[in-house]
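Data block below; observations after.
Throughout, protein chains are lettered first and strands after them, A, B, ... in sequence-line order, and every chain is numbered starting at 1.
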Amino acid sequence: MSKGRFGVHGGQYIPEALMNEIINLEKSYEFYKNDADFQNELNKLLTEYAGRPSLLYYAEKMTKDLGGAKIYLKREDLNHTGSHKINNVLGQALLAKKMGKTRLIAETGAGQHGVATATAAALLGMECEVFMGKEDTDRQALNVFRMELLGAKVNAVESGTMTLKDAVNEAMREWATRMHDTHYVIGSVVGPHPFPMMVRDFQSVISKEAREQILKLEGVLPDAVIACIGGGSNAMGMFAGFIDDKDVRLIGCEAAGRGVATGEHAATLTTGSLGVFHGMKSYFCQNEYGQIAPVYSISAGLDYPGVGPEHAYLHDIKRAEYVAVTDDEAVSAFEYIAKTEGIICAIESAHAIAHVIKMAPKMRNDQIIIASLSGRGDKDVAAIARYRGIKIDE
Amino acid sequence: MSKIKNAFKNGKAFIGYLTGGDPSIEKCEEFVLEMVKAGADLIEIGIPFSDPVAEGPINQNSNIRALSAGTTTDKIFEMVHSIRKKTDVPLVLLTYLNPVFAYGYEKFFSRCKELGIDGIIVPDLPFEEKGEVAKIAKICDVDVISLIAPTSNERIKMIAEDAQGFVYIVSSMGVTGIRDKINTDIKSIVETIRQVADIPCAIGFGINTPEQAAELSKIADGVIVGSAIVKIIEEHGENAAEHIFKYVAGMKKAIHNS
């Protein structure tokens, strides 16, 4: 079995042309991971530029309204660029720069990872090209313009289903064509080793902070941590620091789209099967012949037919639980948290909030939930209006 | 033993690729036989995949056409069954690992053995992951073809020592497609392979014209042409047979005279 395994999952299933580049990346990461200068530089960027640590906010009104567990929100939406994506991007961009790369490429679904990558490229003086499914450039037009403002070139991908998986395909093709000066900043805990490990490490700052913050505020660990999951970088970041705390439940919320039974969803761990795609062995939505299924979610960021290999493993060993949340539930949660707490969160994050709404009332009021608010929702306002049948100009 | 070595026994080999089921299973079978008639020494048949990440636009579209026409792995096996009644030309399947994994490795390679399929090329199965299928493929006498890329450098020897059937030298960076110029130092790659292994070397990716084929076959034991043939199918659809024949015959002649 090759490197980078989580149980049977993970590995390096990529074309030979990319192998030396991947090995080089792995070696560089292993070196800089333990390099004090690199870590200092990254920490400086995270605190002074991205605004870390992010707040752990006690959602008192939600807690009272739901009448059960005490609810805390890890406010990744307050980071610079408006989501957790910046944590990973700053790490990878800095690493790429150390490796002598001058150009970053990235895939993006909702646009959050693309915006974060374009931002880091601008800051570090690197060239940037972002691959985004044509369908997503339409539904997230503002983020496309945002990336262009930051100096990035946005490439609307018209192959396949024109969504996130096709953006990954196209970014991989581009990387295989041009790797001498280019680093592919994968935005989630997916892809060939070392990406799932590296992205987890960069995102684990979320749970490291949350763990310290809750111990300081409450003196105890939470009963459950909850995060939305597409590829799974936000959830992995939220879980990582709590994996060894066996009494803390880890809950990931997948996109059930129009409902798991309708077939129009992106609920990989609920309905998928084992396969090999995008460089990794993991669970995928696919048919009996191994053709990757077209998936659907109102949330462009969760609209991915696979899941990171470490999540697949946590699912296998039953350390983490994964639930599916529909578009309807997510939109209601989006509206609920806006009205209750005055927070417009990303539609991705609203999938986690929807589960909190279901779960908290069934818990005792001495119990604690931390939900990750992975991003802010400005980008989704027009789409939510459309969902509710309100005509609006962006 | 697989029949792959037969492809290289009469001088330089012409290897032709098409996607199974593009535009239909029946037509695809006809095109395969047409290539054999025109002198192709080995045929690669693609099992279409929804997300062929190593392919350029021409082959991507071909994969989509084949899948839209209802092609499945089973239908391709049935087509091979029919082809095998008419020719014993060496046959190699090209696909991504997921369709093979989903079919079940044991079932897949047993089917290959049963049908006289000689090898398999899996672009997303590098040396490090070959263990996925190596054992069952060997039991079933199916060669797992290794690819060597312009970036392989110090990996070449390790890959060549372990190679079966033939070595597939990827001529250019990036994805499959048609290229005007090939800049890689293929000669030194071939020389490195020869130091450690006595195995035929075939060059693919980007090859399009008889001139390119003639030049490259001087360096290696064969050339692989995919996108150029698929493009003929894209342009002429069901009526591609005569165009394919003409093209393959021309390429074969160029290689033969080189």
Answer with side chain, backbone, both or neither: which region of [X] has an atom nearer than 4.5 Å to a non-hydrogen atom of chain A?
{"X": "B:Val170", "result": "neither"}
{"X": "B:Pro150", "result": "neither"}
{"X": "B:Asp74", "result": "both"}
{"X": "B:Pro57", "result": "neither"}

Next on the checklist: Exactly one of A:Glu107, A:Glu310, A:Met280, A:His278 should register a side-chain contact (heavy atoms from CB on, under 4.5 Å) with A:Val190. Which one does?
Outcome noted: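 One option only clears the test, and that one is A:Met280.
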Name the option with the most non-hydrogen atom pairs under 4.5 Å to chain B; the candidates are [options].
{"options": "A:Asn169, A:Asn20, A:Thr177", "result": "A:Asn20"}
{"options": "A:Pro192, A:Ala176, A:Pro294", "result": "A:Ala176"}
{"options": "A:Ser273, A:Gly279, A:Gly160, A:Gly275", "result": "A:Gly275"}

Contact class of [X] relative to chain B, heavy atoms under 4.5 angstrom:
{"X": "A:Leu274", "value": "both"}
{"X": "A:Glu16", "value": "both"}
{"X": "A:Glu21", "value": "neither"}
{"X": "A:Phe277", "value": "side chain"}

Next on the checklist: Can you confirm if the aromatic rings of A:His311 and A:Phe6 lie within a centre distance of less than 6.0 Å?
Outcome noted: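 When the ring centroids of A:Phe6 and A:His311 are compared, they turn out to be at least 6.0 Å apart.
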Donor + acceptor pair across side chains of [X], [Y] (<3.5 Å):
{"X": "A:Thr163", "Y": "A:Glu135", "answer": "no"}
{"X": "B:Gln195", "Y": "B:Lys157", "answer": "yes"}
{"X": "B:Asn98", "Y": "A:Gln286", "answer": "yes"}
{"X": "B:Tyr17", "Y": "B:Asn59", "answer": "no"}
{"X": "A:Ser159", "Y": "A:Asp166", "answer": "no"}

Item to check | Donor-acceptor under 3.5 Å (B:Gln212 side chain, B:Asn208 main chain) | outcome: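 Flag set: sc B:Gln212 to bb B:Asn208 pair under 3.5 Å.
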Checklist entry - Which class fits the ring pair B:Tyr168 and B:Phe205: parallel under 30°, tilted 30 to 60°, perpendicular over 60°? => result perpendicular
Select, from [options], the one with the greatest count of heavy-atom pairs under 4.5 Å involving chain A.
{"options": "B:Pro126, B:Ala102, B:Ser172", "result": "B:Pro126"}
{"options": "B:Val175, B:Thr73, B:Ile148, B:Leu147", "result": "B:Thr73"}
{"options": "B:Tyr96, B:Phe49, B:Phe127, B:Tyr103", "result": "B:Phe49"}

